[in-house]
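The structure appears right after this line, and notes come after that.
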Amino acid sequence: MKKTKKPKRNNLYTKNYFFVLSVTVLILGLIAFSDNYLFDIHQESNSNPFYVIHGLIMFSWYTTIVIQTNHIRKLNVKAHKKLGIVGFFIACLVIISIAYLNFIDVPYSELPFFGKANRIFFPVFILLIGLAYLKRDKPELHKHSIFVAILLMMEPLLSRVGMNTGTNAAVVAPIIWLALWISLFVYDIIRLRGLHFLTYSGLIFWFVVYAIVS
């Protein structure tokens, strides 16, 4: 007998979840790099065009994600599909810029544990973005691919949130990170009546990588 799929459920949380999550990531990014564009604009990294370009690309992508999730929240699928081409192009620029910064950065063996983790997460980030584009006709897989990719690469942003808020980054970053992962679990349980395979496999991978590099 063919197994029937459980009907998806929707409420205020699930309807607005990915929009709120994307806005949260954008706000965290603004806090994380507020010193670069507001409080310490003469710092050395601001004189490096590659870091400036990387920052502009990242904020362009996060802003595009906010706009895209709002389109879906308002059921404006046509506009979402049109902007999706631009979003994918910006995502490719994100990959290129991160790859370039990794290339000019210190060797893997000399990186701190979180830097090593980021190097491991990056190829998976690329695969997930590719999967999101290929499976753009499957909404849940498309959304989960993008946001699990984002969640895996949150460390540079979250560490700087701690730095720019005068808190302990080693404490604040994991708390915020776990809260974001948990919020995705809650979405799955409400909306899908179970966990999406990318949600639990992404979190397991996250824990395993940090266990290995720590």
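When reading the values below, keep in mind they use all heavy atoms of this one structure, side chains included, and skip hydrogens, waters and symmetry mates.
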Under 6.0 Å from the six-membered ring centre of Y133 and within 45° of its axis: does the NZ or CZ of R136 meet both?
-> yes
Less than 3.5 Å apart, which donor and acceptor atoms pair up between the side chains of residues 13-21 and the rest of the protein, not counting sequence neighbours?
from : atom 1 : to   : atom 2 : distance (Å)
Y13  : OH     : S183 : O      : 2.9
T14  : OG1    : N10  : OD1    : 2.3
T14  : OG1    : N11  : N      : 2.8
T14  : OG1    : N11  : O      : 3.1
T14  : OG1    : N11  : OD1    : 3.4
N16  : OD1    : R73  : NH1    : 3.2
N16  : ND2    : L12  : O      : 2.8
Y17  : OH     : S183 : OG     : 2.8
Y17  : OH     : L184 : N      : 3.1

D188 side chain to G194 backbone, donor-acceptor under 3.5 Å | no
When rounded to the nearest 0.5 angstrom, what distance separates CG in L151 from CZ in F125?
-> 11.0 Å
S22: which of T63, N70, T69, T64 passes side-chain hydrogen bond (donor to acceptor under 3.5 Å, both in side chains) = T69
Backbone N/O of I72 and side chain of H80: donor-acceptor pair under 3.5 Å | no
I96 CD1 to I53 CD1 distance, which is reported to the nearest 0.5 Å = 12.0 Å
Under 3.5 Å, is there a donor-acceptor pair linking the side chains of H142 and D137?
-> no
What pair of heavy atoms forms the shortest contact from F59 to G29, and how long is it?
-> CZ-O, 3.4 Å
Following the transitive rule for hydrophobic clusters with a side-chain heavy-atom cut-off under 4.5 Å over Ile, Leu, Val, Met, Phe, Trp and Tyr, establish whether L127 and W61 coincide in one cluster.
-> no
Indicate yes or no for a side-chain donor-acceptor contact from R9 to the backbone of I189 under 3.5 Å, with no hydrogens or angles considered.
-> yes
Can you tell me how far the CG atom of L128 sits from the CD1 atom of I150, to the nearest 0.5 Å?
-> 10.5 Å
Check A117 against V213 and note the closest heavy-atom contact, atom names and distance.
-> CB-CG2, 4.1 Å
Minimum heavy-atom separation for E155 to S159, with atom names?
-> OE2-OG, 2.6 Å
Check salt bridge (charged side-chain N to carboxylate O under 4.0 Å, His left out) between K116 and all other residues, then give those that pass, not counting sequence neighbours.
-> none
Measure the shortest side-chain to side-chain distance between K143 and Y187 over non-hydrogen atoms and say whether it is less than 4.5 angstrom.
-> yes
Cluster check V77, I65: I/L/V/M/F/W/Y, side chain < 4.5 angstrom | no
Taking the six-membered ring for Trp, are W177 and Y210 ring centroids under 6.0 Å apart?
-> yes
Between L157 and A32 the two heavy atoms that sit nearest each other are O-CB, 3.2 Å
Evaluate the side-chain contact (heavy atoms from CB on, under 4.5 Å) criterion for residues F147 and L180: first the C-alpha distance (whole Å), next the side-chain angles of each, then the deciding distance (0.1 Å), finally the verdict.
-> CA-CA 10 Å; F147 282 95; L180 295 176; over 6 Å; no
I175 reachable from F185 in the ILVMFWY side-chain graph, under 4.5 Å edges = no
Can you tell if the side chain of I146 reaches within under 4.5 Å of the side chain of Q68, non-hydrogen atoms only?
-> no
CD1 of I95 to CD1 of I57: how many Å apart, nearest 0.5 Å?
-> 11.5 Å
Atom pair CD1/CG of I31 and L26 - distance to nearest 0.5 Å | 10.0 Å
So, S201 side chain and F197 main chain: donor-acceptor pair closer than 3.5 Å or not?
-> yes
Without swapping roles, check the side chain of N118 against the backbone of F114 for a donor-acceptor pair under 3.5 Å.
-> yes
Describe, in one word, how the ring planes of Y100 and F50 are oriented to each other, choosing from parallel (under 30°), tilted (30 to 60°) and perpendicular (over 60°).
-> tilted
Given L141 and L198, is the side-chain contact (heavy atoms from CB on, under 4.5 Å) satisfied, shown in steps?
-> CA-CA 8 Å; L141 182 56; L198 283 180; 3.7 Å; yes
Is it possible for you to say whether F122 and I204 belong to one hydrophobic cluster, with membership spreading through side-chain heavy-atom contacts below 4.5 Å?
-> yes
V148 and L203, any side-chain heavy atoms less than 4.5 Å apart | no
About how many Å separate CE of M58 and NE2 of H54, when rounded to the nearest 0.5 Å?
-> 5.0 Å
With a 4.5 Å limit on heavy-atom distance, are the side chains of I129 and S145 in contact?
-> no
